[in-house]
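Encoded as structure tokens, the structure appears first; notes follow it.
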Amino acid sequence: MEIAALVAVTLLLGALVGLVALAVGRRKEEKREEIEQTVESSVESSAAKGPTSKKPKQEKQRSRKDKPAQHSFSDPLLASSLKGHSGNVTCLDFSSNGKYLASCADDRTVRIWSTKDFLEREHKCLRANVELDHATLVRFSPDSRAFITWLANGDTIRILKMIKKDDGTFSFKAAPEDFPQKHKAPIINIGIAETGKFIMSASTDTTIHIWDLKGELLASINTNQMTSSYAAVSPCGRFVASCGFTPDVKVWEVCFGKGGEFREVARAFDLKGHSAGVHAFAFSNNSHRMVTVSKDGTWKLWNTDVEYKKQQDPYLLKTVPCSSSEGSRVALSPDGRVVAISNGCNIAMYDAATGNLEKELHGVHSENISDLRFDINSRFLVCSGDKAIRVFHNAPGYQAAIKDMQDMLKKAQNEAMKQRLQQQIKDAQSALDTVLTARIE
Ligand SMILES: *[C@@H]1O[C@H](CO)[C@@H](O)[C@H](O)[C@H]1NC(C)=O
Ligand SMILES: *[C@@H]1O[C@H](CO)[C@@H](O)[C@H](O)[C@H]1NC(C)=O
């Protein structure tokens, strides 16, 4: 058991050290390439001319653009700022293969960034125009070759496919039809299951719709939480969860038969323990842990690796005081080691195991933080708020990984293993030091 865990951590850190070395090496090469490919740009310019049906949204968009663009922010953990959007970024999503980060903004574009460029000077991105509308939410499909968007004016879901052309460049093509309009209140989130079996959309009026990939409605849920503040599909693709005015987080399983046919949405388990409404929650990548942030002034970490069908309930691992407000977001690093919480324009990073506050970032964006996510390798934390996307080194995650190895070192029985661990701790520490000192102003 201990050995298995050790091997896992060893592998993970080996990969981490390798990646850091690679990234630092590559950055020195100073290669500059054409940084952006414009796709279907004619549509964008013609669409930008005439205001369409919904006036208020259009005006809001314009007045934001008129604001002075520069908001200065610096921090030793800031790895880079991804610039390109000319409107405020509202949503971020990493593809499950880890290669891309998608962002959308009210500038009518979705941009696809390459994660391997995060530490470079230039950040290449692909641009997909959202015709006659703009996307407020974006989520990658499981195969990373398509994404779903929520249309601000269309009030529905549009699927866009990435098509690799013969010359190696990409273009984007919308599915022939958008989903039917079904929500009667503002949308809070959309998601697509990693299994590729369903799409979820949720609105503030406690409605969650479950769709198949063609836009057929499979089921609708009323969460009975008075109002909804957040909902999401778990990274494993089995669950849909929701929170809002009531102090609980409700989790459902979306069930399919052996032949892949939809069966039902069944209540799985609840997270009960907060004493006020819940702003948001997040899953670890295997859905064995969840973290919640509440109006009661705390975040809570839960063990959700339970057999709920045998009446086992998830249990509370930790309660930690924190600042939060309406619109706060929470992210849990995929390895479960770090919790990040946004509050207005600020972010706090906590060690999930100890609950210690490891890092505070103030005034990260000029406007409230709209999204907050870790990359799939737990190396970076990214967030949006204004036009720029901030990418931070997950130093608290590296430190927690080092601490885990130090604990193993104390328990290690044989000399060979001890030496190995000592070397790995040294390597990880120097990789971390390199990350923190090698950054470019
Ligand atoms: C979750 O993350 C861990 C550590 O980063 C990784 O080893 C594992 O493969 C991931 N699992 C899934 C289901 O993505
Ligand atoms: C921004 O965050 C603050 C809390 O820090 C909150 O009071 C305010 O309502 C938020 N503004 C918007 C527009 O959501």
Side-chain angles (χ1 to χ4, degrees), residues 88-96 101-106 110 134-142 147-152 154-159 178-179 181-194 198-211 213 215 217-223 225-246 248-252 254 265 271 277-283 287 290-293 324 326-332 340-342 368-374 382-385:
N88 286 339
V89 179
T90 51
C91 184
L92 301 169
D93 194 43
F94 283 102
S95 61
S96 54
L101 171 69
S103 59
C104 64
D106 56 14
V110 171
H134 72 269
T136 54
L137 296 163
V138 60
R139 302 284 171 229
F140 270 109
S141 67
F147 50 87
I148 60 172
T149 56
W150 182 262
L151 301 175
D155 274 326
T156 193
I157 288 172
R158 176 176 294 169
I159 299 180
D178 296 339
F179 281 25
Q181 287 181 343
K182 291 281 184 196
H183 284 283
K184 299 187 179 75
I187 204 78
I188 48 177
N189 204 3
I190 57 172
I192 177 165
E194 200 49 35
F198 69 93
I199 285 172
M200 176 224 65
S201 59
S203 49
T204 55
D205 60 358
T206 71
T207 303
I208 296 178
H209 291 312
I210 305 293
W211 311 82
L213 269 53
L217 199 56
L218 298 174
S220 296
I221 310 168
N222 178 355
T223 71
Q225 290 170 315
M226 308 285 288
T227 61
S228 296
S229 51
Y230 190 72
V233 179
S234 66
C236 64
R238 256 176 89 190
F239 304 111
V240 164
S242 157
C243 66
F245 183 80
T246 56
D248 54 350
V249 174
K250 291 183 180 173
V251 184
W252 292 262
V254 183
V265 178
L271 305 180
V278 178
H279 296 304
F281 59 83
F283 291 92
S287 310
M290 283 179 76
V291 60
T292 51
V293 59
S324 69
E326 214 63 48
S328 271
R329 287 282 169 261
V330 58
L332 181 58
I341 292 170
S342 74
N368 283 358
I369 288 166
S370 54
D371 210 353
L372 187 65
R373 286 183 178 259
F374 286 95
V382 301
C383 64
S384 57

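All heavy atoms count here, side chains included; hydrogens, waters and symmetry mates do not.
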For [X], give me all partners under side-chain contact (heavy atoms from CB on, under 4.5 Å), at least two apart in sequence or on another chain.
X	value
P142	I192, E194
T204	A185, P186, I188
A280	Y230, V293, R329, V330

Considering all heavy atoms of both residues, which atom of [X] and which atom of [Y] are nearest to each other, and what is their separation?
X	Y	answer
S342	S328	O-OG, 2.6 Å
C91	T136	CB-O, 3.4 Å
S228	S203	CB-O, 3.6 Å
A232	F283	O-CE1, 4.5 Å
H134	D106	CD2-CA, 3.5 Å

List the steps, then state whether side-chain contact (heavy atoms from CB on, under 4.5 Å) holds for D248 with Q225.
-> CA-CA 8 Å; D248 54 350; Q225 290 170 315; 3.6 Å; yes
Using the six-membered ring wherever Trp is involved, compare the ring planes of H183 and H209 and label them parallel, tilted or perpendicular (cut-offs 30° and 60°).
->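 H183 and H209: tilted rings.
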Partners meeting salt bridge (charged side-chain N to carboxylate O under 4.0 Å, His left out) with D371 (sequence neighbours left out) =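 Partners of D371 by the salt bridge (charged side-chain N to carboxylate O under 4.0 Å, His left out) criterion, ordered by chain and then number, come out as R373.
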Supply the atom-to-atom distance [X] [atom1] to [Y] [atom2], rounded to the nearest 0.5 angstrom.
X	Y	atom1	atom2	result
I187	D205	CD1	CG	8.5 Å
L137	C104	CG	SG	6.0 Å
S95	F140	OG	CZ	5.0 Å
S242	W252	OG	CH2	4.5 Å
D155	W150	CG	CH2	5.5 Å
T292	L271	OG1	CG	6.5 Å

Please confirm whether the backbone N or O of [Y] pairs with a side-chain atom of [X], one donor and one acceptor, at under 3.5 Å?
X	Y	value
N189	A202	no
T156	F179	yes
T149	R158	yes
T206	T227	no
S384	N88	no
R139	L92	yes
S229	V278	yes

With sequence neighbours excluded, tell me which residues meet ring pair (Phe, Tyr, Trp, His ring centres under 6.0 Å) with F198.
->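 With neighbours one apart ignored, the set is empty.
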Would you please name every residue forming a side-chain hydrogen bond (donor to acceptor under 3.5 Å, both in side chains) with W211, sequence neighbours left out?
->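 For W211 the side-chain hydrogen bond (donor to acceptor under 3.5 Å, both in side chains) partners, ignoring immediate neighbours, are S201.
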Assess whether side-chain contact (heavy atoms from CB on, under 4.5 Å) is satisfied between V291 and F281, documenting all intermediate values.
-> CA-CA 5 Å; V291 60; F281 59 83; over 6 Å; no
Step by step, would you call I208 with M200 a side-chain contact (heavy atoms from CB on, under 4.5 Å)?
-> CA-CA 7 Å; I208 296 178; M200 176 224 65; 3.6 Å; yes
For side-chain contact (heavy atoms from CB on, under 4.5 Å), just list the numbers for V240 and V265, CA-CA rounded to whole Å, side-chain angles, deciding distance to a tenth of an Å, and then say yes or no.
-> CA-CA 9 Å; V240 164; V265 178; over 6 Å; no
